[in-house]
Visitor: 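Have a look at this one before I ask anything.
For ligands, and for the atoms within them, numbers begin at 1 and follow the listed sequence. For the single chain, residues carry numbers from 1 onward in sequence order. Basis for what follows: all heavy atoms, side chains included, without hydrogens, waters or symmetry-related copies.
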Amino acid sequence: MSNDDTKAAESNVDTSQSDLKHQYRSMNLEQLKALMNDSTVSKNQKKKIKKQIQWMESVDGRKDRRKEKRKQRALKKKHLFEEHEKDASVELPPKPKKPRKEKISTTLGFSEHVHVAVDLSFDEYMTNHDLSKLRKQLGWCYQENRRCAKPVQYHICGLSDRMKGDMDQSYINWDVHFDLPLYEQFKKEDLVYLSSESPDVLEMVEAGKVYVIGGLVDHNRHKGLTHRIASEHGLIAKRLPLEEHIDMKTRKVLTVNHVFNCIVAFCELQDWKQALMRAIPARKGALPLQCET
Ligand code: SAH
């Protein structure tokens with residue numbers, strides 16, 4: 001170790017003894033060995049440093065032991081499988097605890113499932129920054145659907161090249177429906193457009209219906225846009241029953257993923273107040289209403 005290194009090791013070490021323990025954990029072997037020769041370091045600390053040195057010097061041995069253990073386990077498993085092939089009464093080892101999730105998306109039994117579609121026809125209203133937020137929101141919906149108790153059929157309708165461009169490419173393997181634009185994919189009578197501007201309240205979430213969320217991040221620049229478009233297409237539009245069940249500090253327009261979360265939470269809980277409280281983030285200041293109207 002050069003003089004400079006030793007100095008660096010020493011200057012790194014605030015020899016106030018209580019801090020030392022945390023510092024030597026991030027030191028390399030040479031620095032630790034230098035400390036062993038430092039007369040200002042207490043006996044007690046040196047004991048600990050010595051232990052750390054021994055631990056670091058035995059790293060290869062530990063790696064080899066782990067490797068050997070893995071090899072033995074694999075051999076044992078292989079042997080068990082071979083025995084099981086010959087004699088079915090030989091028990092196989094239990095399956096790993098976390099089985100692969102079953103595939104959620106299906107094109108079978110349309111009327112037996114709740115469908116949630118994100119309508120991606122609003123690219124032109126969004127800046128690149130908005131679009132990248134929307135990409136994230138689509139991913140969060142996906143994650144929520146994978147982990148929730150009652151997943152829905154999740155449809156992403158009309159993914160444009162502009163949107164695709166900067167998506168994290170793992171999206172290709174998502175277990176969702178990548179569908180045609182909304183109106184080409186579904187019959188109008190199956191659609192319920194979700195819109196905070198609608199005078200009508202969403203009371204139930206039913207199988208066989210497609211609940212549409214406008215794929216739009218606009219910071220309220222285009223207030224009421226999705227409601228207007230839904231009306232022009234002659235669709236039923238509904239708002240979430242926010243004011244009926246919760247008291248919210250902020251405005252009642254939610255993001256795509258929070259609307260998605262509200263729907264999946266309702267599918268599980270069948271109770272709007274509980275579902276909204278679970279799905280809407282605390283920073284929105286949502287409190288349950290005491291007396292329902
Ligand atoms: N200015 C946009 C707001 C986009 S918010 C607009 O006119 O729609 C993204 C989407 O979430 C909306 O298009 C709508 O489908 C859904 N959404 C947001 N808040 C909602 C609410 N309170 N009730 C129902 N849907 C809502």
Visitor: Using a strict 4.0 Å cut-off to heavy atoms of V253, name the atoms of ligand 1 that fall inside it.
Guide: 3 (C), 5 (S), 19 (N)

Visitor: Only heavy atoms of K252, strictly under 4.0 Å: list the atoms of ligand 1 that pass.
Guide: 19 (N), 21 (C), 22 (N)

Visitor: Measuring from S111:OG to E206:CD, what's the distance to the nearest 0.5 Å?
Guide: 12.0 Å

Visitor: Please walk me through it: do T127 and D130 pass side-chain hydrogen bond (donor to acceptor under 3.5 Å, both in side chains)?
Guide: CA-CA 5 Å; T127 63; D130 296 334; 3.1 Å; yes

Visitor: Look at atom 14 (C) of ligand 1 and say which protein heavy atom is nearest, naming residue and atom and giving the distance to 0.1 Å.
Guide: L194 O, 3.1 Å

Visitor: Does S42 form a side-chain hydrogen bond (donor to acceptor under 3.5 Å, both in side chains) with N44? I'd like the steps, not just the answer.
Guide: CA-CA 5 Å; S42 72; N44 201 17; 5.6 Å; no

Visitor: Where is the nearest protein heavy atom to atom 1 (N) of ligand 1: which residue, which atom, and how far?
Guide: D218 OD2, 2.8 Å

Visitor: How close does the nearest protein non-hydrogen atom get to atom 17 (N) of ligand 1, and which residue and atom is it?
Guide: V259 CG2, 3.4 Å

Visitor: Taking atom types as modelled and ignoring hydrogens, do the side chains of D119 and S121 form a donor-acceptor contact shorter than 3.5 angstrom?
Guide: yes

Visitor: Which atoms of ligand 1 are found less than 4.0 Å from any heavy atom of G224?
Guide: 7 (O)

Visitor: With ring centroids as reference points, do Y171 and Y142 lie under 6.0 angstrom apart?
Guide: no

Visitor: Would you say G214 and ligand 1 have an N/O pair spaced under 3.5 Å apart?
Guide: yes

Visitor: For atom 13 (O) of ligand 1, grab the closest protein heavy atom and report residue, atom and distance to one decimal in Å.
Guide: T226 OG1, 3.1 Å

Visitor: So, regarding L242 and ligand 1 (criterion: nitrogen or oxygen to nitrogen or oxygen, under 3.5 Å), is there a contact or not?
Guide: no

Visitor: What protein heavy atom lies closest to atom 20 (C) of ligand 1? Include the residue and the distance to one decimal.
Guide: S196 CB, 3.7 Å

Visitor: Test your reading of the model: is there a side-chain donor-acceptor pair from K252 to the backbone of E243, 3.5 Å cut-off?
Guide: no

Visitor: Please determine whether any non-hydrogen atom of H222 lies less than 4.0 Å from an atom of ligand 1.
Guide: yes

Visitor: Identify, for atom 23 (N) of ligand 1, the protein heavy atom at the shortest distance, and state residue, atom and that distance.
Guide: L240 N, 3.0 Å

Visitor: Short N/O distance, under 3.5 Å, between H227 and ligand 1?
Guide: no

Visitor: Might you work through the side-chain hydrogen bond (donor to acceptor under 3.5 Å, both in side chains) test for R278 and N261, ending with a clear yes or no?
Guide: CA-CA 8 Å; R278 181 192 283 182; N261 292 358; over 6 Å; no

Visitor: Could you tell me whether some N/O pair between V256 and ligand 1 is separated by less than 3.5 angstrom?
Guide: no

Visitor: Which heavy-atom pair separates P241 from L276 by the least distance, and what is that distance?
Guide: O-CD1, 3.6 Å

Visitor: Is the number of heavy atoms from other residues, nucleotides or ligands within 6.0 Å of NE2 (H222) greater than 12?
Guide: yes

Visitor: Could you tell me, atom by atom, which parts of ligand 1 come under 4.0 Å of a heavy atom of S195?
Guide: 23 (N), 24 (C), 25 (N)

Visitor: List the closest protein heavy-atom neighbour of atom 7 (O) of ligand 1: residue, atom name, distance to the nearest 0.1 Å.
Guide: L225 N, 3.0 Å

Visitor: Could you check which of D119, L254, V217, L202 puts a non-hydrogen atom nearest to atom 19 (N) of ligand 1?
Guide: L254

Visitor: When only distance counts, is T255 in polar contact with ligand 1, meaning an N/O pair under 3.5 Å?
Guide: no

Visitor: Regarding K86 and E83, does a basic nitrogen lie under 4.0 Å from an acidic carboxylate oxygen?
Guide: yes

Visitor: How many angstroms lie between atom NZ of K238 and atom CD of E203, to the nearest 0.5 angstrom?
Guide: 6.5 Å

Visitor: Is the shortest heavy-atom distance from the side chain of H155 to the side chain of V116 under 4.5 Å?
Guide: no

Visitor: Only heavy atoms of L216, strictly under 4.0 Å: list the atoms of ligand 1 that pass.
Guide: 2 (C), 4 (C), 5 (S), 9 (C)

